[in-house]
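Take a look at the structure set out below.
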There are 2 protein chains.
Amino acid sequence: MNTEDLSLNIAAVERETGLSKDVLRKWESRYGFPLPLRDGHGERLYPVEQVARLRLIKRLMDSGMRPSRLVGRPTEELLALGPRPVLTTPASPGRETIDETLDLLRKHDPKALQRQLSRLLQQQGLRRFVQDSIAPITKEVGESWARGQLEIHEEHLYSEVVQGLLRGALDPLNDPDGRPRLLLSTLPGEAHSLGLLMVASVLALDGAHCISLGAQTPMDDLCKAAGAHDVDAVVLSFSAAFARRRIPPALAELSARLPEGVEIWAGGAGTARLSSQAQVVRLLPTLEAAEEALGHWRIAHPLPGN
Amino acid sequence: MNTEDLSLNIAAVERETGLSKDVLRKWESRYGFPLPLRDGHGERLYPVEQVARLRLIKRLMDSGMRPSRLVGRPTEELLALGPRPVLTTPASPGRETIDETLDLLRKHDPKALQRQLSRLLQQQGLRRFVQDSIAPITKEVGESWARGQLEIHEEHLYSEVVQGLLRGALDPLNDPDGRPRLLLSTLPGEAHSLGLLMVASVLALDGAHCISLGAQTPMDDLCKAAGAHDVDAVVLSFSAAFARRRIPPALAELSARLPEGVEIWAGGAGTARLSSQAQVVRLLPTLEAAEEALGHWRIAHPLPGN
DNA sequence: CAACCATTTTGTCCTGGACAAATGAACACA
DNA sequence: TGTGTTCATTTGTCCAGGACAAAATGGTTG
């Protein structure tokens with residue numbers, strides 16, 4: 001009964017870690033880890049320690065690392081590899097606030113969560129809210145999941161609530177006559193849209209007109225929308241999980257199909273290590289870079305009236 | 001390219017229908033359906049018509065039917081088998097309201113969704129809100145998913161928001177001195193907690209004191225909590241998806257382990273076809289039955305003061 | 001009518017192999 | 001130097017088909 005209490009079957013591990021059963025079995029045969037016990041019927045039983053390590057590995061992989069570097073290592077080394085901040089300038093909102101937020105998540109209380117975050121938003125203003133609260137809390141949510149202190153389902157809930165909040169804050173502040181006019185989205189295959197909304201907030205605050213299409217817009221729709229809304233640039237976000245190899249060709253294709261004169265701005269952790277591609281796209285690896293890009297665009301495109 | 005547009009690979013079908021790859025392959029070999037095409041590499045390609053039928057089948061199974069009766073049949077017959085209302089007295093809130101709600105879901109806007117439902121709640125009051133709005137809307141959400149018009153993810157979001165709303169409405173109205181004192185939960189394996197909250201609303205409105213533990217409380221905790229809170233009854237909810245066979249033994253065990261004098265009330269679609277078990281538990285197949293049970297309890301337990 | 005048991009149905013897990021997609025490294029070219 | 005291409009390696013997904021436990025059904029009996 002000791003092992004039963006402390007072990008999970010393969011389906012439970014898949015649920016807990018997000019690693020498919022196939023992957024779990026393959027890793028076992030290829031790397032010798034995880035190496036589960038077997039129950040009376042020859043079925044795998046994963047001790048909780050192995051599950052914890054798997055969760056850690058999955059997290060690091062989501063931030064761009066590869067299994068071969070991770071699967072062999074002991075837990076301590078994995079912890080040391082922890083993700084470094086990319087979009088964040090961690091002027092943290094304080095342990096307390098973060099913990100309160102996570103508690104609300106665990107209680108499955110979207111309403112209270114919204115209240116809590118709304119309050120922060122009112123206190124700090126959108127700009128600081130995005131950079132000093134949402135960025136670090138999001139990071140913490142991800143890490144809590146890796147520690148097994150949050151269910152993946154709860155992470156989704158967090159994401160939904162924050163998106164709703166940012167959209168709500170963005171909407172009234174979006175100047176229909178603002179310039180430049182920007183179309184925001186992610187390409188098919190890139191599900192993370194939180195970073196995109198954070199960029200949108202910053203840009204809208206600086207007076208740009210942001211049209212957000214949500215995540216995974218097919219390239220066709222993107223081009224049509226760019227034409228229909230007569231935008232100056234298309235802003236795309238790529239997380240570290242997006243296959244880096246596919247970014248340049250995708251951007252090249254988009255560049256070819258987009259109406260004449262429409263720029264491409266690409267941001268997110270996935271673009272950090274990208275080679276310049278200088279002529280085609282402008283890279284926005286950080287929120288500050290996004291603001292900078294906006295400034296450059298304004299200098300290059302002075303208002304005809306002036 | 002025609003077949004590519006209109007077909008999904010096995011992973012996509014798993015995502016769309018909630019049927020695992022193993023199940024999809026087994027059904028193919030056992031029942032001859034689904035019978036996907038194959039791509040150049042021998043991998044399965046499911047045409048959208050088959051996916052739609054699978055979604056329908058899954059829905060019917062979730063409401064208690066078995067594959068052998070479903071998998072062979074053509075789409076029209078499946079549609080005719082549609083689930084009959086169990087907990088609902090459909091005094092529908094009107095097509096319009098339902099459609100608006102689903103639209104908000106598809107826009108992934110939890111805030112607006114909450115506003116919309118809050119408004120309904122204010123207009124109708126909790127009792128009618130639960131029975132005339134939440135019940136039919138929930139049904140529609142489920143059926144929309146079966147038609148492929150809603151993603152499973154969006155169904156989860158709906159559930160979270162409604163739960164938050166009901167909890168919020170319930171909390172202030174819960175009389176700490178109310179009688180009877182009720183402990184509400186579901187057993188491990190039963191994830192559906194919406195029905196439970198609906199029952200809780202009705203009971204709290206009638207002056208009972210409801211202590212809700214959320215879903216999947218281990219039996220140990222349930223018994224301890226029953227003692228600690230000195231409750232008069234434990235209220236459990238079983239959806240049609242819960243293995244019917246396991247309900248009687250589970251209830252028997254609980255009955256044995258619960259403190260002396262604590263009743264068990266069992267509700268939800270899963271208890272509809274249950275044999276009486278008369279001495280041990282009280283069955284609450286509908287919201288009305290729950291109110292009735294409350295009345296009976298009050299008659300059987302007159303206040304000592306009177 | 002309820003409880004029990006044998007039988008059938010159904011879902012999950014297993015092995016081990018094939019192979020495509022993604023990646024990194026080596027190389028050629030401007 | 002930097003940019004693009006090609007090839008080998010790594011990694012995830014899929015496949016077949018068999019085993020078997022869990023669940024449901026349909027008698028049978030008290």
Side-chain angles (χ1 to χ4, degrees), chain A residues 8-15 17-31 33 36-46 57-58 61-62 64-72 189 240-252 270 273-280, chain B residues 8-15 17-31 33 36 38-46 57-58 61-62 64-72 189 240-250 252 270 273-280:
Chain A
L8 307 179
N9 66 19
I10 196 169
V13 176
E14 175 177 34
R15 212 180 327 113
T17 63
L19 296 164
S20 75
K21 294 166 194 167
D22 275 331
V23 166
L24 289 168
R25 287 192 278 252
K26 270 300 170 228
W27 283 9
E28 183 179 338
S29 72
R30 283 182 183 152
Y31 313 122
F33 180 86
L37 310 171
R38 298 289 176 137
D39 70 7
H41 316 296
E43 306 198 343
R44 292 174 172 79
L45 273 184
Y46 295 84
I57 291 172
K58 175 59 159 48
M61 283 176 53
D62 285 348
M65 300 187 194
R66 307 210 55 199
S68 57
R69 289 186 194 167
L70 302 170
V71 179
F242 193 88
R244 242 173 301 161
R245 261 313 237 294
R246 300 172 60 195
I247 300 183
L251 291 180
R273 300 190 218 160
L274 213 58
S275 55
S276 59
Q277 284 252 3
Q279 312 86 343
V280 191
Chain B
L8 307 179
N9 66 20
I10 196 169
V13 176
E14 175 177 35
R15 212 179 328 112
T17 64
L19 296 164
S20 77
K21 293 166 194 166
D22 274 331
V23 166
L24 290 168
R25 287 191 278 252
K26 272 298 173 231
W27 284 8
E28 182 179 337
S29 74
R30 283 182 183 152
Y31 314 121
F33 180 86
R38 299 291 178 138
D39 69 6
H41 316 296
E43 306 198 343
R44 292 173 173 79
L45 271 184
Y46 296 83
I57 291 172
K58 176 59 159 46
M61 282 176 53
D62 284 346
M65 300 186 193
R66 308 209 59 198
S68 57
R69 291 187 194 163
L70 302 170
V71 178
F242 194 87
R244 242 172 302 163
R245 257 318 232 296
R246 300 172 61 194
I247 300 182
R273 299 190 219 162
L274 213 58
S275 56
S276 59
Q277 284 253 2
Q279 311 86 345
V280 192

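A, B, ... follow the sequence lines: proteins, then strands. Residue 1 opens every chain. The figures here come from the full heavy-atom set of this structure, side chains too, leaving out hydrogens, waters and symmetry mates. Quantities reported herein were computed from a predicted structural model and do not represent experimental measurements.
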Side-chain N,O (B:Tyr31) to OP1/OP2 (C:dT9) below 4.0 Å: no
Of B:Arg66 and A:Ala241, the one whose nearest nucleotide on DNA chain C sits closer to the 5' end is B:Arg66
Would you mind telling me which of C:dG11, C:dG24, D:dG12 lies closest to the side-chain atoms of A:Arg30? D:dG12
CG on B:Leu8 to CG on B:Leu45, rounded to 0.5 Å: 8.5 Å
From CG of A:Asp39 over to C1' of D:dA19, roughly how many Å is that when rounded to an integer? 13 Å
Specify the separation, in whole Å, of atom CZ of B:Arg69 and atom P of D:dA24. 12 Å
note: B:Met61, atom CE; D:dA23, atom P; distance rounded to Å ~ 14 Å
Testing the basics here: between A:Leu19 and A:Leu24, what is the closest heavy-atom pair and its distance to 0.1 Å? O-CD1, 3.8 Å
Roughly how far apart are A:Leu70 CG and A:Tyr31 OH, rounded to 0.5 Å? 10.0 Å
Does any non-hydrogen side-chain atom of A:Thr17 lie less than 4.5 Å from one of A:Tyr46? no
Kindly indicate, with the supporting measurements, whether the criterion side-chain contact (heavy atoms from CB on, under 4.5 Å) is fulfilled by A:Arg44 and A:Arg38. CA-CA 5 Å; A:Arg44 292 174 172 79; A:Arg38 298 289 176 137; 3.4 Å; yes
With 3.5 Å as the limit, what N/O pairs link the protein to nucleotides 13-16 of chain C?
unit_1 : atom_1 : unit_2  : atom_2 : d
C:dC13 : OP2    : A:Lys21 : NZ     : 2.8
C:dC14 : OP1    : A:Arg44 : N      : 2.8
C:dC14 : OP1    : A:Arg44 : NH1    : 3.1
C:dC14 : OP2    : A:Arg25 : NH1    : 2.6
C:dC14 : OP2    : A:Arg44 : NH1    : 3.1
C:dC14 : O5'    : A:Arg44 : NH1    : 3.2
C:dT15 : OP1    : A:Arg38 : NH1    : 3.4
C:dT15 : OP1    : A:Arg38 : NH2    : 3.3
C:dT15 : OP2    : A:Arg44 : NH1    : 3.0
C:dT15 : OP2    : A:Arg44 : NH2    : 2.6

Whole angstroms only, please: what is the CD1-P distance between B:Ile57 and C:dT10? 12 Å
What is the distance from CE of A:Met65 to C1' of D:dT10, rounded to the nearest Å? 18 Å
What is the separation between atom CZ on A:Phe242 and atom C1' on C:dA22, rounded to the nearest whole Å? 12 Å
Ionic contact status for A:Lys21 with B:Glu14, cut-off 4.0 Å: no
Take the protein atom CH2 of A:Trp27 and the nucleotide atom P of D:dT13, then report the distance between them rounded to whole Å. 10 Å
Would you say B:Asp22's side chain and B:Arg25's backbone share a donor-acceptor pair under 3.5 angstrom? no
Can a side chain N or O of B:Ser20 be found less than 4.0 Å away from OP1 or OP2 on C:dT12? yes
